[in-house]
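Keep in mind that this is a model prediction, so the values were computed, not measured. Residue numbers start from 1 in every chain, and the chains themselves are labelled A, B, ... in the order their sequence lines are given, proteins ahead of strands.
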Amino acid sequence: MLDIQLLRNDLDGAAKSLAARGFELDAAAFQALEQERKTVQTRTQELQAKRNATSKQIGQAKAKGEDVSAIMAEVANLGDELKAGESKLEEIQAKLQELLLQIPNLPHATTPAGKSEADNVEVRRVGTPRSFDFLVKDHVDVGEGLGQLDFATATKITGSRFSLMKGPLARLHRALAQFMLDVHTQEHGYTEVYVPYLVNADSMRGTGQLPKFEADLFSVQKSETEKLYLIPTAEVPVTNMVRDEIVPLENLPLKFTAHTPCFRSEAGSYGRDTRGMIRQHQFDKVELVQIVHPEKSYEALEELTGQAETILKKLELPYRVMALCSGDIGFSSAKTYDLEVWLPAQNAYREISSCSNFEAFQARRMQARYRNEKGKPELVHTINGSGLAVGRTLVAILENYQREDGGVDIPAVLQPYMGGHKVIPAIAAS
RNA sequence: GGAGAGGUGGCAGAGUGGUCGAAUGUACCUGACUCGAAAUCAGGCGUAGGUUUACUCCUACCGUGGGUUCGAAUCCCACCCUCUCCGCCA
């Protein structure tokens, strides 16, 4: 959520900045609402002041045993207008709030201008794609060839866009998550957290998924009046740890990492990546979240992005870092780097991590604050990134480490997590 | 799931329907005392919004939402949460 003061003080500037990300701000509607708010609020508060003063008089007069019927009569007809004013004001405030919740974050000055994915800027490229002297298979053929990746059964159990793994492949998936958590906790100073996978609407609103993106979420009915949502990313429960909190200055930055399943309905994405486990309704991810001092957030974004990259480096997977352009960054983000891993079967780099600085956008929605140097509460900045998406990392390993015989080599750093094995052997030909 | 108790400022904790945004303690800030610190003394110290060039003034907030009333932290209703005991359970 943007600071309403910003819109009051520099509406044109905000509109211009939002236009860069393809959002058209209805400035006239905002101004009209603001104007009305001012009038109604001033009038209502005047009436409230009058009522309070008169009521106080009645109390004082009664204490002295005086007759109060004259003053009572004076205030009697105040009630209706006051009530009308109060409900009108409430209505306007709700409309303003709703409008505000629909507005995305302003792109940071260093976010490249652009309209779509095509305008994203490559920042760096690390590692060299391996050259194969045999015909490369994609991860589906590799996994099914091993007899350890089974979409048909997953579809029977649940439906499309779910996957089922068996044996060494399932273990490799687990190994990846363990490995990532170990690196982030032991080398990068993150505290591992275990969090709920079902969250309430306040949490979803806090990080920006609601009210605008309800269609992308799975939900369950908790009671007749309350819904719970399946998390689309650990960002939601982890960042909301500080919702309505005031963090002591000396505790910043807070650095949390969590391994969770993620559930995404992605109603709009049907037809894309239908083959394989690139785009699933359920996938695992190790998430990195930092709660930081506002002056340190861009520094922290670079740090966090580097920490996600460390995983790819240790796994010896080639990748590149993209600075997303203003038209491609997410709703809540001011700046985003995507990490894209090399997938030989697609002959392309594909997103495997997204690292964003939300500045105070989420913090304002969450009322997540810290006590500043002067002791005043001030909004924190929130940063997060995937470190990494486990399913897609598994895809990258299957494709980049595949062998001509159908087996898959296990990256050196994962071998300790795989009982010392160096390879997932191909099924013996029968 | 059943029974009971309770939700008030950073924390602890008072609060007969009227001068209560709220006593008191504690923490914190400033000043005095001190070579310095501790102790002591004095003052300050919630959040959000509106108004004013400014000083100021005003409004809202005592778990949440409704209601009663000229007036609600206080009374009524519903809901949420926490704690204790019982039941069930990985």
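- Using a cut-off of 4.0 Å between Lys/Arg side-chain N and Asp/Glu carboxylate O, A:Asp10 and A:Lys16 are scored as not salt-bridged.
- Residues A:Val380 and A:Arg369 have side chains not in contact (no heavy-atom distance under 4.5 Å, counting atoms from C-beta outward).
- When both pairing distances are held under 3.5 Å, B:G17 makes no Watson-Crick or G-U pair with any nucleotide shown.
- Distances were taken from every side-chain heavy atom of A:Gln48 (C-beta onward) to each of B:G71, B:A60, B:G66; the shortest belongs to B:A60.
- Across the strands present, B:A37 finds no partner; the criterion is a Watson-Crick or G-U wobble pair with both atom distances under 3.5 angstrom.
- Around NZ of A:Lys115, the count of heavy atoms belonging to other residues, nucleotides or ligands within 6.0 Å does not exceed 12.
- Rounded to an integer number of Å, the gap from A:Arg43 CZ to B:C58 C1' is 14 Å.
- Straight-line distance from the CD atom of A:Glu86 to the P atom of B:A60: 8 Å, rounded to whole Å.
- B:A54 is unpaired under the Watson-Crick or G-U wobble criterion, no partner having all donor-acceptor distances under 3.5 Å.
- Comparing the P positions of B:C45 and B:A23 gives a spacing of 11 Å, expressed to the nearest Å.
- A:Lys83 places its NZ atom 6 Å from the P atom of B:G67, with the value rounded to the nearest Å.
- Remark: the backbone N or O of A:Gly276 is paired with a side-chain donor or acceptor of A:Gln280 at under 3.5 angstrom.
- For B:U52 and B:G44, the C1' atoms lie 24 Å apart once the distance is rounded to whole Å.
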Next item on the list: Sugar-phosphate atoms are those with a prime plus P, OP1 and OP2; base atoms are the rest. Using that split, label each nucleotide of nucleotides 45-51 of chain B B, S or - for protein heavy atoms under 4.0 Å, 5' to 3'.
Entry: --S-BSS
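- Base pairing of B:U59: its partner is B:A48, meeting the Watson-Crick or G-U wobble criterion (both donor-acceptor distances under 3.5 Å).
- Remark: P of B:G9 and CD of A:Glu245 are 13 Å apart, rounded to the nearest angstrom.
- In terms of position on RNA chain B, the residue among A:Gln60 and A:Ala49 whose nearest nucleotide sits closer to the 5' end is A:Gln60.
- The distance from atom OH of A:Tyr370 to atom C1' of B:G10 is 17 Å, rounded to the nearest whole Å.
- In this structure, B:U68 forms no base pair with any nucleotide, since neither Watson-Crick nor G-U wobble geometry is met with both distances under 3.5 Å.
- Side-chain N/O atoms of A:Asn52 include none lying less than 4.0 angstrom from OP1 or OP2 on B:C58.
- Put simply, CD on A:Glu250 is 17 Å from P on B:A27, counting in whole angstrom units.
- For B:A60, the OP1/OP2 oxygens have a side-chain nitrogen or oxygen of A:Arg51 closer than 4.0 Å.
- Across B:G13 and B:U8, the matching P atoms stand 9 Å from one another, rounded to whole Å.
- Look at A:Glu81 and A:Arg51 and you find no salt bridge, because none of the NZ, NE, NH1 or NH2 atoms lies under 4.0 Å from a carboxylate O.
- The aromatic ring centroids of A:Phe151 and A:Phe162 lie 6.0 Å or more from each other.
- Going from the P atom of B:G18 to that of B:C33 covers 45 Å, rounded to whole Å.
- If you take atom P in B:A42 and the same atom in B:A27, they sit 16 Å apart, rounded to whole Å.
- Taking atom C1' in both B:G9 and B:G1, one finds a spacing of 37 Å when rounded to whole Å.
- Across every strand in view, B:C11 sits in a pair with B:G25 that passes the Watson-Crick or G-U test at under 3.5 angstrom.
- Relative orientation of the A:Tyr370 and A:His293 rings is tilted, given thresholds of 30° and 60° on the angle between their planes.
- Rounded to an integer number of Å, the gap from CD of A:Gln97 to P of B:A60 is 20 Å.
- Across all strands shown, B:A3 pairs with B:U84; the Watson-Crick or G-U wobble distances both stay below 3.5 Å.
- Comparing A:Glu226 and A:Ile58 against RNA chain B, the residue whose closest nucleotide sits nearer the 5' end is A:Ile58.
- Just one of A:Leu324, A:Asn357, A:Asn120, A:Val123 meets the side-chain contact (heavy atoms from CB on, under 4.5 Å) condition when paired with A:Tyr337; it is A:Val123.
- Rounded to a whole angstrom, the distance from the C1' atom of B:C70 to that of B:C77 is 23 Å.
- Contact annotation: the side chain of A:Pro237 never approaches that of A:Ser203 to less than 4.5 Å [non-hydrogen atoms, C-beta and beyond].
- One can place NZ of A:Lys227 at 18 Å from P of B:C80, the figure rounded to the nearest angstrom.
- Rounded to whole Å, the P atom of B:C75 lies 38 Å from the corresponding atom of B:C88.
- At the heavy-atom level, A:Lys222 lies under 4.0 Å from the strands shown only through sugar-phosphate atoms.
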